[in-house]
Number of protein chains: 2
Amino acid sequence: MDDIWKQFEQNPISHSAAHHIVAIVELLERNGYARVSDVAKLLNITRGSASLTLKSLKQRGLVAEDENRFLKLSDEGETVASSVRGRAFLIRRFFMDVLDLPSEDAEVDACKIEHLLSLATAERLAQFLRYFCAKDSIAVAFREGWEQYEGSCDWASTDSAVCQIERIAKLACEVKAQDSEQG
Amino acid sequence: MDDIWKQFEQNPISHSAAHHIVAIVELLERNGYARVSDVAKLLNITRGSASLTLKSLKQRGLVAEDENRFLKLSDEGETVASSVRGRAFLIRRFFMDVLDLPSEDAEVDACKIEHLLSLATAERLAQFLRYFCAKDSIAVAFREGWEQYEGSCDWASTDSAVCQIERIAKLACEVKAQDSEQG
DNA sequence: CCGATATGTTTGGTATATAAAACGAAGGTT
DNA sequence: AACCTTCGTTTTATATACCAAACATATCGG
């Protein structure tokens, strides 16, 4: 129970399941319908794979189908879809608006972690984004300073890429420690 | 190939493998040695499971053992360990110092995503943390404003970009309500 | 030397998540 | 009617990642 690292496996929704469900929502929005083979095509997997995964999602009560085998989401499925899409949106915005990452990088990393963030984290991230993007002078000054701050670091001259991370982590640690002493 | 969502499966290191490797580092730091059963005990899995996972990590050249079957990491294994631990550190710091999440929540979410962040994202996150934690007046004012900001948000004075975030936040709140009903 | 304990591996089983290939059903074309 | 395509499912196989249990080995105490 207090095996923190095992929470990964006990996540309410798997990466694969999350994307099958979001695929259905997107197909419904785009085409008005979603069949097994539409999901398979969108996710670029075989119809067989999609069929099996969707079967288990039906059994879990997240996905349903009408009399002509057209897929739809249950209320719980809609909730999961909204939850995943909301998180993906927040994370992408954070990566692009705050960290100023290229949209491709933001997309890939957001896609990997969208289904893993807890509700508490997502809410705080949303709140932070609002504050960061605010128009008041403090936020504006902070954002301008942050833009200037880019590239003003000397870590670029360090040896290996991973070494940088270690160094950066230590630096962040020192900054925090100094802050605590004086705060 | 440009299936972004499939990058999750093609991540350089799995969650399980990352934790086996980090476990070895931590055991070496703590006890000076690491055996299969020490890793199993630390991760709270059976010796059989640890044995199999470590076997594949040996075959991948990340883990090695001496003549008495005591485990150690190869240079590549050390690199992976540093990379994962650096990311975990950065994410925890972001969750706790910036989002002000309870350390337990920060720990759980950081553990889920530590092995998934790209180098580019980790570097930018580190840079942002440094800027956020800086002692200059702009950063100080921003942090103070952020502390006050908690709980309060003005929905009327938002532009369109922030408005989207707002909608997602509302969505998150709805999801929360449904989560509570089910829990 | 013998038995108990600790350690590591192997085997068989579960669950997820994929592919490939075969199969059945439905619908359209000639 | 005969043929082709699309669609969904099923089967067989792969890989990861776990458990439980059996098995092998090694070490230590009496």
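Just so we're clear, the structure is a prediction, and the values are computed from it rather than from any experiment. Here is how names work: the chains are called A, B, and so on, in the same order as the sequence lines, proteins then strands, and each is numbered from 1.
Following rounding to the nearest Å, N68(B) (CG) and dA26(D) (P) show an atom-to-atom distance of 11 Å. Between the C1' atom of dA17(C) and the CD atom of E9(A) lies a distance of 14 Å, rounded to the nearest Å. Taking atom CG on D3(A) and atom C1' on dA17(D), their separation rounds to 15 Å, with Å as the unit. Regarding Q59(A), its CD atom lies at a distance of 13 Å from the C1' atom of dT16(C), rounded to whole Å. A straight line from CG of L71(B) to C1' of dT9(C) spans 14 Å, rounded to a whole angstrom. Across the protein-nucleic acid pair, H115(A) atom NE2 and dT16(C) atom P stand 15 Å apart, rounded to whole Å. Between the CG atom of L57(B) and the C1' atom of dA17(D) there is a distance of 12 Å, given to the nearest Å.
Classified by interplanar angle (parallel below 30°, tilted 30° to 60°, perpendicular above 60°), the ring pair F128(B)/F128(A) is perpendicular. Using bins of under 30°, 30° to 60° and over 60° for the plane-to-plane angle, the ring pair F8(B)/H115(A) lands in the perpendicular bin.
Taking the charged nitrogens against the carboxylate oxygens, D38(B) and K41(B) have no contact shorter than 4.0 Å, which rules out a salt bridge.
Taking the six-membered ring for Trp, F142(B) and Y131(A) have ring centres closer than 6.0 Å.
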Residues E26(A), H19(A); criterion side chain to side chain donor-acceptor pair (under 3.5 Å); working and verdict = CA-CA 10 Å; E26(A) 288 178 1; H19(A) 278 277; over 6 Å; no

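The hydrophobic cluster containing Y33(A), built from Ile/Leu/Val/Met/Phe/Trp/Tyr side-chain heavy atoms closer than 4.5 Å, also comprises F70(A).
For the OP1/OP2 pair of dA17(D) and a distance below 4.0 Å, the side-chain nitrogens and oxygens of K55(B) include no atom meeting the criterion.
Residues that satisfy the salt bridge (Lys or Arg N to Asp or Glu O under 4.0 Å) test with E67(B), not counting sequence neighbours, are absent from this structure. T46(B) meets the side-chain hydrogen bond (donor to acceptor under 3.5 Å, both in side chains) test with S49(B); sequence neighbours excluded.
Contact between S118(B) and D109(A) at its shortest, heavy atoms only, is N-OD2, 2.9 Å. The two atoms that bring R92(A) and A106(A) nearest to each other are CG-O, 4.2 Å, heavy atoms only.
Residue-level contact check: T53(B) touches the backbone only, with heavy atoms under 4.0 Å from sugar-phosphate atoms and none from bases.
Each of L62(A), V63(A), L57(A), V22(A) was compared with L73(A) under the side chain to side chain contact (heavy atoms under 4.5 Å, CB included) criterion, and only V63(A) meets it.
The stretch residues 10-24 of chain A touches DNA chain C through S14(A), S16(A), H20(A), each having a heavy atom within less than 4.0 Å of the strand. In the region residues 28-41 of chain A, proximity to DNA chain D at under 4.0 angstrom, judged on heavy atoms, holds for R35(A), V36(A), S37(A).
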Set out, line by line, the N/O atom pairs under 3.5 Å between protein and nucleotides 19-27 of chain C.
unit_1, atom_1, unit_2, atom_2, d
dA19(C), OP2, T46(A), N, 3.1
dA19(C), OP2, T46(A), OG1, 3.4
dA19(C), OP2, S49(A), OG, 2.7
dA19(C), N7, S49(A), OG, 3.3

